[in-house]
Enquirer: 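The structure follows.
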Number of protein chains: 2
Amino acid sequence: MFEIAEEELKYLNQIASEIKYPKGQIIFSTSQKANEVYYIKSGLVKIYRTTSDGRQVSVALRYPGDFIGLAEVLSNINEREYSAEAMDNVSILIIWKDGFKKMMAEMPIFSEKIVRLMSDRLREAQNTIYDFIMNPIQGRLAIFLLAMAERSGDKGADGIIHVRLRVTQEELACVIGSARQTISSLLNLFKEDGSIQYEGREIVGVNTNKLKTWIQE
Amino acid sequence: MFEIAEEELKYLNQIASEIKYPKGQIIFSTSQKANEVYYIKSGLVKIYRTTSDGRQVSVALRYPGDFIGLAEVLSNINEREYSAEAMDNVSILIIWKDGFKKMMAEMPIFSEKIVRLMSDRLREAQNTIYDFIMNPIQGRLAIFLLAMAERSGDKGADGIIHVRLRVTQEELACVIGSARQTISSLLNLFKEDGSIQYEGREIVGVNTNKLKTWIQE
DNA sequence: GAAAGAATGTAATCCAGCCGACAAAATAAA
DNA sequence: TTTATTTTGTCGGCTGGATTACATTCTTTC
């Protein structure tokens, strides 16, 4: 989603420090001070909030090449609204707010790309809202699996994407906004139907065409 | 949400043309070419999409002082993804894409404010997603009424907002993602409870504290 | 004014999907 | 290996809220 240029990465490497987070580690969490931005070098990051009764609700997943923690910094909010957690081993650059803003000011093309990134995410979020209203659970699950596969897999010519997704049903449930048991049955439906292929507990193939038949609209 | 400066408005007035839309008029619609941006001078605008079976799904409402049609232009998408409709008599400035981009380039402070606007909207959209997952319908309705009241009413000291909201239950249903009849019963519940006050078919008062008791978390 | 059209209220039916409870695998730890 | 822990499968019961179907009331239009 964000195509970083070589010189930009060079600049970032100079002002940022790299940190590695093991799976499950929390990168930042709700109501912490928001004075830095993160750039994902590798790994998957979940953006979520914990409810008062302890449940987790995810509002987005972020992939390598994405920035996270941007919205608060660009909005000049000083507390994090959401938390971020490493979904597998993650390697991240931490950039301080001031440095990031200076970079934006000095590199107009970079700045323009950041604006585009924010609009892309807004459109993405609006589509998610739309999907929540329109689609019953199977549809939402199908949409999400498709998005994940397209982000992190190799697309074959026949519409089959080869991936290697290791996500628990619990995780899926909290992104989709559903119950774990429901996800379990639906995944089995998808499997029987040939929409997805498993290898042990890992999703290794996604048949985009078949999966799309589960989506409304 | 967007505080425009006097000089910015002056600039806009020079490059834009003003158009008035009567209630119900469509400002732009899905899959049209997206080469302009709009600035709302007065009135309410609904951002929505029509589904294949004819239902409408709204993803946001925009108020006076807001820009609309921004995301596609900033993302360099050339087709509108959503439609916009005047919810009452609306007065709007139309700014052509090139003029708008030139303005952003020439006025860095304006540009910075646009970035902030996009992040604000992203956070708003993410909160909506969160609410959809967390809250049952009453909660979503309460949240929406609160937001509307705060945007367009005068806040009294006692937590009661005086407004003048004329929205049909049908409209509410398609923003909340629910059925008209459900909205009907809920509004009556809210009315009995003292959360909202009616005058004919117009909501004239919103008791923020009482309304908040209907919201989860 | 009357008649047509919109917007609301109410009630009965029905079903997707949540929840609780538990068994069976699979992974990790010891 | 054996044991503990995490992740999955499955099955009723229950319920929020969609859907259908009218009746009523308010607003326009003629």
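Every chain is numbered from 1, with letters handed out A, B, ... down the list of sequences.
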Enquirer: Considering only D:dT10, D:dG17, C:dT10, which nucleotide approaches the side chain of B:Thr182 most closely?
Expert: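 Looking only at side-chain atoms, B:Thr182 lies closest to D:dG17.
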Enquirer: Do any side-chain nitrogens or oxygens of B:Ser184 fall under 4.0 Å of OP1 or OP2 in C:dG9?
Expert: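 Yes.
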Enquirer: For the side chain of A:Ser178, starting at C-beta, report the closest nucleotide among C:dT8, C:dG9, C:dC18.
Expert: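 Selected nucleotide (nearest to the side chain): C:dC18.
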Enquirer: For a quick check of understanding: with a heavy-atom distance under 4.0 Å over all strands, which category does A:Ser185 fall into, base, sugar-phosphate or nothing?
Expert: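 Answer is nothing: A:Ser185 stays at 4.0 Å or more from every strand.
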Enquirer: Which of the following nucleotides, D:dA18, D:dT10, C:dC19, is nearest to the side chain of A:Ala179?
Expert: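 Comparing D:dA18, D:dT10, C:dC19 against the side chain of A:Ala179, the answer is C:dC19.
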Enquirer: So which heavy atom on A:Pro64 is nearest to which on A:Lys41, and how close?
Expert: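 So the two residues come closest at CB-O, 3.7 Å.
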Enquirer: Are the side chains of B:Met148 and B:Val167 in touch, meaning some heavy atoms are under 4.5 Å apart?
Expert: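 B:Met148 vs B:Val167: side chains touch.
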Enquirer: Taking 4.0 angstrom as the limit, do A:Glu170 and A:Lys46 come out as a salt bridge?
Expert: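 Looking at A:Glu170 and A:Lys46, the cut-off is not met.
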Enquirer: Tell me whether A:Glu3 at atom CD has more than 12 heavy atoms from other residues, nucleotides or ligands lying less than 6.0 Å away.
Expert: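 Count not over threshold, so no.
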Enquirer: For the side chain of A:Ile137, starting at C-beta, report the closest nucleotide among C:dC18, D:dT25, C:dT10.
Expert: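 Of C:dC18, D:dT25, C:dT10, C:dC18 is nearest to the side chain of A:Ile137.
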Enquirer: Tell me whether the side-chain N/O atoms of B:Gln169 come closer than 4.0 Å to OP1 or OP2 in C:dA6.
Expert: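 Negative; the distance criterion is not met.
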Enquirer: Can you figure out which of C:dG20, C:dG9, D:dA18 approaches the side chain of A:Gln181 most closely?
Expert: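 Among the listed nucleotides, the one closest to the side chain of A:Gln181 is C:dG20.
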Enquirer: Can you tell me if the side-chain N/O atoms of A:Thr168 get under 4.0 Å from OP1 or OP2 in D:dT7?
Expert: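 Checking A:Thr168 against D:dT7: no side-chain N or O falls below 4.0 Å of OP1 or OP2.
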Enquirer: Nearest to the side chain of A:Arg180 - C:dT10, D:dG9, C:dG17?
Expert: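 Closest nucleotide to the A:Arg180 side chain: D:dG9.
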Enquirer: Hey, which of these two, A:Asn135 or B:Glu170, hits DNA chain C nearer its 5' end, going by closest nucleotide?
Expert: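 Residue closer to the 5' terminus by nearest nucleotide: B:Glu170.
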